[in-house]
Amino acid sequence: MVYKKIKIKRLLSDPVSGQNIKVNGWVRTKRESKNVVFVALNDGSGLANLQIVADPGKFSELLLKDITTGACISVNGTLVESHGKGQQVELQAESIEVLGKSDPDSYPLQPKKHSLEFLREIAHLRPRTNTFSAIYRIRHAMIFAVHQFFNEKGFLNIHTPIITASDAEGAGEMFRVSTLDPKNPPLLEDGTIDFSLDFFERETNLTVSGQLEAELGALALSEVYTFGPTFRAENSNTTRHLAEFWMIEPEMAFYDLEDNMDLAEEFLKYLIRYALEKCAEDLEFLNQRAAEEEMSRRQEDRYELSLIERLKFVIDNNFERITYTEAIQILMESKPNRKKKFQFLIERWGTDLQSEHERYLVEKHFRKPVILSDYPKEIKAFYMRMNEDGITVRAMDILFPGIGEIVGGSQREERMDQLRRRMQEMEINAEGLWWYLDTRKFGTAPHSGFGLGFERFLQFITGMNNIRDVIPFPRTPGNADF
RNA sequence: UCCUCAGUAGCUCAGCUGGUUAGAGCAUCUGACUGUUAAUCAGAGGGUCGUUGGUUCGAGUCCAACCUGGGGAGCCA
């Protein structure tokens, strides 16, 4: 007898009774009685389990004993229509092989609800749960959609370096990369470490952004994007920060800030539409999960819309676009500011916005994604293009409900004299960035770009509150397990 | 890093103002029963109450420090 190996998702999408099938997977639960044994089997291809039906008379007691929650089994059998209610078809087992036993006494996953905190501690096993397998499938779909979106538009994907010697990006603390003996490093006369004897003959770190290198690509290939790992050594302990995360950074020549915003909005909507179309089953499950979680939250902290409704809402509405100056105006006149309900009151133009202000704009005032632009130069990076007013720069941040800043971008300063002036003002070492300045020297062009935090975006798509639950193995201060 | 809450069985939690042998549900094991659906019913095993020190006749309960985790803030994506 020949049994055709097939993944459970494919099998259930087109079930034909009478087929001889081989499935491999991990046991979710087993229910047994004198005359019949039921096994719920899952291979991660989809949310639905395949019900395996075994006649206890046909299998040894020892074999059946080894089929426990978490065990890996391979089943040959015939697909038949189910007598029971919960499923259309089931696999009538003819032979079962236990590929990997699982001691039920010590296997940590039980057929019951587990807290996300507990599952984080067993991140090596959590993809075997419905919630995390759904998240990982959506994560994959979104990675794929990112590349598809840019490919369709003719953007080139470029790999920017992960190890970098430039420390002038100002995007936060960096992780040092070194092969020097940590116990006894070579020292200079002033007692500091002599990095000229290190592997790269200079001090090197893990990248905090591929942007500067992406700009080099844009100023030759017109439209490029990076999608790579990014590292920040900040001691941030929040639900939306990771020390290692993935960032998508498109960079486009001949785009001004408005073109940049248009692209970002189109991109985000494309990804959300893709998820709704291609991950409907998983989103439906997460929608249910999120709804249950909402019940345990305070009334005023609850979303008005369900997860799927929020996703549809973003697709169906234009993002609100306002300048920083307009935002300050709105915030100064807002109720929480007048009644001194904000922890940080808005008193003057020029201060940076706090989380509470961003949340007010997005969740209370506009009730939709907001693009803030034209920030004061003092609170933004050196490479952002100066406006005519001489006090604001062509920056834009996209704020999403529940997550805050999801995209940060700008039109880049392409004018050499302006760029040099800004670098001087902000005490950026120009020497190490000679290659960056060269692009302004030789055939400079107006250009723009933005960065999308991939995990933050996934939080929005999946409704997960903690960023540590949308990446397989989160790296955070004090945590590098697995 | 700061603020705040928490740490009791494998998991989720109860344990009132300090008072004998520390409880429940689920999970596990054993048995029964049933085309079952997180099956059901009965029984059993399972705990240095996060760690260290202190107060007290007596500490899961009070105090201090530390460790770990959650939430919020800052930094940012």
Quiz item: A:E234 side-chain donor-acceptor pair to B:G74 base, under 3.5 Å:
no

Gap in Å between the two P atoms, one belonging to B:C13 and one to B:A32, rounded:
36 Å

Under the 5.5 Å and 30° test, is A:F454 stacked on the base of B:A77?
no

Between B:U12, B:A73, B:G70, which one does the side chain of A:S355 approach most closely?
B:A73

Using only heavy-atom distances, determine whether the side chains of A:Y303 and A:E294 contain a donor-acceptor pair under 3.5 Å.
no

Taking the minimum atom-to-atom distance to the side chain of A:T239, which one of B:U30, B:G72, B:A39 wins?
B:G72

Hey, is the side chain of A:R31 poking within less than 4.0 Å of OP1 or OP2 on B:U36, counting only N and O atoms?
no

Can you find a side chain N or O atom of A:N35 that sits less than 4.0 Å from OP1 or OP2 on B:G35?
yes

Side-chain donor-acceptor contact under 3.5 Å, A:E223 with A:Y255
yes

Using OP1 and OP2 only, check whether a side-chain N or O of A:T29 sits under 4.0 Å from B:A39.
yes

How far, in whole Å, is B:G74 from B:U37 if one measures between their C1' atoms?
49 Å

Integer angstrom distance from the P of B:G25 to that of B:U68:
34 Å

On the 0 to 90° scale, with breaks at 30° and 60°, tag the A:F319-A:F400 ring pair as parallel, tilted or perpendicular.
perpendicular

Check this one for me: any side-chain N or O of A:R120 less than 4.0 Å away from OP1 or OP2 of B:U68?
no

Please report the distance, rounded to the nearest Å, between CZ in A:R468 and C1' in B:A77.
15 Å

Checking ring pair (Phe, Tyr, Trp, His ring centres under 6.0 Å) against A:F149, which of A:Y274, A:F267, A:F227, A:F144 comes through?
A:F267

With a 3.5 Å limit on both atom pairs, tell me what B:G58 is paired to, counting Watson-Crick and G-U wobble, or say none.
none

How about A:Y225 and A:H147: are their ring centroids closer than 6.0 Å?
yes

Measuring to OP1 and OP2 of B:G74, would you say a side-chain N or O of A:Q354 lies under 4.0 angstrom away?
yes

Please classify the nucleic acid contact of A:E244 as base, sugar-phosphate, or nothing, using heavy-atom distances under 4.0 Å.
nothing

Would one find a side-chain N or O of A:N466 under 4.0 angstrom from OP1 or OP2 of B:G71?
yes

Would you indicate, yes or no, if B:U12 has its OP1 or OP2 atom less than 4.0 angstrom from a side-chain nitrogen or oxygen of A:S115?
yes

Would you say A:K34 places a side-chain N or O within less than 4.0 Å of OP1 or OP2 belonging to B:G31?
no

Short side-chain N/O contact from A:N465 to OP1 or OP2 of B:G70, under 4.0 Å:
no

Inter-nucleotide C1' distance (B:G47, B:A39), Å rounded:
30 Å

